[in-house]
Each structure stands twice: as C-alpha cells, then as structure tokens.
A.B. asks: 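Right, I'll just put the structure down here and ask away after.
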Amino acid sequence: MPRSFRKRDQRVDPDRSARRVSGRGTLSTADEELLRTLYAEHAGPLFHYVLRLTSGDRQWAEDVVQETLLRAWQHPAAFEPARGPARAWLCTVARHLVIDAHRARRARPAETGGEALEWAAEQTPGEDEIEQALQSWAVADALRALSPDHRAVLLETYYRGRTMAEAAQALGIPLGTVKSRTYYALHALRLALQERGIEP
C-alpha cells in the first residue's frame, strides 16, 4: 500500500504552493512535517538513483534531488494515495530534470578555453582595437589642450609611471607643486575629454 503524506480529510488548496514559493504565505507545521518526511524517507535512495543518471556527478545529483524535493513541496497533491507511490513520482520528476538538463547542454554550443579565445582575438582585428585607437587619438588631443606644466606632470606620473617624488625630482619642482598640478591637470583633462564626448 503506498504511503501517503497527507491526511485523507485534508483538502488540497491549488494556490497554497504558489503562496509558499512567492513568500506571501508562511511555512506551516504540516508543510515542515511533509518536507522532513520527504527528505528522511526519499532523499537517500533518490540521490543514489540520480547519481546513476548523472554518471556519478555528485554535485549535479545533489542539485537534482534538491529541485525534485522542492517540486514535491510545491505540488503536495502528487502524494495523494490514488496517484500511486510517492517515490515513483519523485524518481520520474528527477529523471525528467536530468533529461532536460542534458538536452539544454546539448543545445548550447561547446565552450572554448581561454587560450582559444585569446588566439581568436589576436587573429582578427575587431571593434575594440578601432575604438581603442579612436580613444587614444582623443586623449592625445585632450592632452595637447592642457598647459605645458599640467601636461608634463601627467606624462611623468601616469605615462612614465613615476611616483610623485620621482616626478618632482625629474621636473625640478617641489613635491607639493607636483601634487597640486597633478590634481588640477586631471581635472582639466577630464573636462577636455568630456568636451570630446569621452566619459572618463
């Protein structure tokens, strides 16, 4: 005789599972008991069944078992005695989940490794290179619009990669002057780039 998780006189509310999933309802003690009973009686055997279906992929099998039990919780009417054994329903749902996942993987193109993508990027010039060249020209034009003092500070600190102290020594000016010129040069460069339609 199939085991039932629901009392015979308990009525099935079709909106009940929707309330549970959407968060509008609360998990009642009967629902908690149903979940605990489902897990205690069926999770182990269901996991071993799904593990065979997933060719030994434990993580995928765990995900399938979790999704199966979630669907069982969402569809409590499936455990009515007239519908047959609960484990048969759970195994059918799990098998369908594995089949759906397998079909989805086959429908998707195969993933390629990072080296293949890098090689393809090197072989074909794309919009990124053109966009980068256009931005480089706009930045060079914006740099030419700066004062010679501001341009010199930015060239030392950003393009030559020097620290503020090294830039001060190379330019022959005090460190504080380098810091203030850098601040105002960056502000002026930002405005010049915005005038040329580039958001820094």
Side-chain angles (χ1 to χ4, degrees), residues 1-136 197-200:
M1 177 106 189
R3 186 170 190 156
S4 174
F5 294 104
R6 175 175 307 285
K7 295 176 185 170
R8 288 186 187 263
D9 59 343
Q10 189 176 0
R11 301 180 106 186
V12 177
D13 179 7
D15 296 327
R16 185 173 165 198
S17 61
R19 282 195 306 267
R20 276 189 254 145
V21 174
S22 68
R24 293 184 308 216
T26 59
L27 190 64
S28 68
T29 45
D31 291 335
E32 285 182 25
E33 183 181 326
L34 174 66
L35 277 173
R36 288 182 202 282
T37 306
L38 274 174
Y39 188 82
E41 292 186 12
H42 300 290
L46 186 63
F47 176 73
H48 291 296
Y49 171 71
V50 174
L51 194 60
R52 285 191 308 259
L53 293 176
T54 59
S55 302
D57 187 341
R58 293 183 71 81
Q59 185 176 6
W60 185 15
E62 289 172 0
D63 290 344
V64 170
V65 169
Q66 181 178 7
E67 180 64 25
T68 303
L69 292 175
L70 175 67
R71 290 188 183 188
W73 176 57
Q74 292 172 342
H75 303 285
F79 301 105
E80 293 295 328
R83 297 193 71 172
R87 189 167 295 164
W89 185 87
L90 292 169
C91 288
T92 302
V93 170
R95 187 168 70 69
H96 286 261
L97 287 170
V98 171
I99 290 170
D100 290 346
H102 181 68
R103 286 179 182 160
R105 286 180 182 173
R106 281 193 351 204
R108 214 174 37 212
E111 296 177 6
T112 57
E115 294 113 18
L117 293 174
E118 289 174 11
W119 179 81
E122 291 171 1
Q123 299 301 318
T124 56
E127 290 182 20
D128 291 341
E129 292 177 3
I130 295 170
E131 184 68 27
Q132 187 177 6
L134 290 174
Q135 280 190 348
S136 296
I198 298 175
E199 285 297 320

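Note that the coordinates shown come from a computational prediction; the quantities given were computed from them, not determined experimentally.
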A.B. asks: Testing the basics here: between Ala61 and Val50, what is the closest heavy-atom pair and its distance to 0.1 Å?
C.D. replies: CA-CG1, 3.6 Å

A.B. asks: If every non-hydrogen atom of Ala94 is compared with every non-hydrogen atom of Val64, which pair is closest and at what distance?
C.D. replies: O-CG1, 3.8 Å

A.B. asks: Here's a test for you: under side-chain contact (heavy atoms from CB on, under 4.5 Å), which of Leu69, Thr68, Leu46 qualifies with Val93?
C.D. replies: Thr68

A.B. asks: Would the number of heavy atoms belonging to other residues, nucleotides or ligands and lying under 6.0 Å from CD of Gln135 be above 12?
C.D. replies: yes

A.B. asks: Looking at Phe47, I want to see if its CZ is surrounded by more than 12 non-hydrogen atoms of other residues, nucleotides or ligands under 6.0 Å.
C.D. replies: yes

A.B. asks: Can you tell me how far the CG atom of Leu53 sits from the NE2 atom of His48, to the nearest 0.5 Å?
C.D. replies: 13.5 Å

A.B. asks: Could you state the interatomic distance from CG (Asp63) to CG (Leu97), rounded to the nearest 0.5 Å?
C.D. replies: 10.5 Å

A.B. asks: From Glu41 CD over to Arg36 CZ, what is the distance, rounded to the nearest 0.5 angstrom?
C.D. replies: 14.0 Å

A.B. asks: About how many Å separate CD of Glu67 and CG of Asp100, when rounded to the nearest 0.5 Å?
C.D. replies: 10.5 Å

A.B. asks: Please, which pairs that meet side-chain hydrogen bond (donor to acceptor under 3.5 Å, both in side chains) have at least one residue in residues 50-61, sequence neighbours excluded?
C.D. replies: none

A.B. asks: To the nearest 0.5 Å, tell me how far Tyr49 OH sits from His42 NE2.
C.D. replies: 14.5 Å

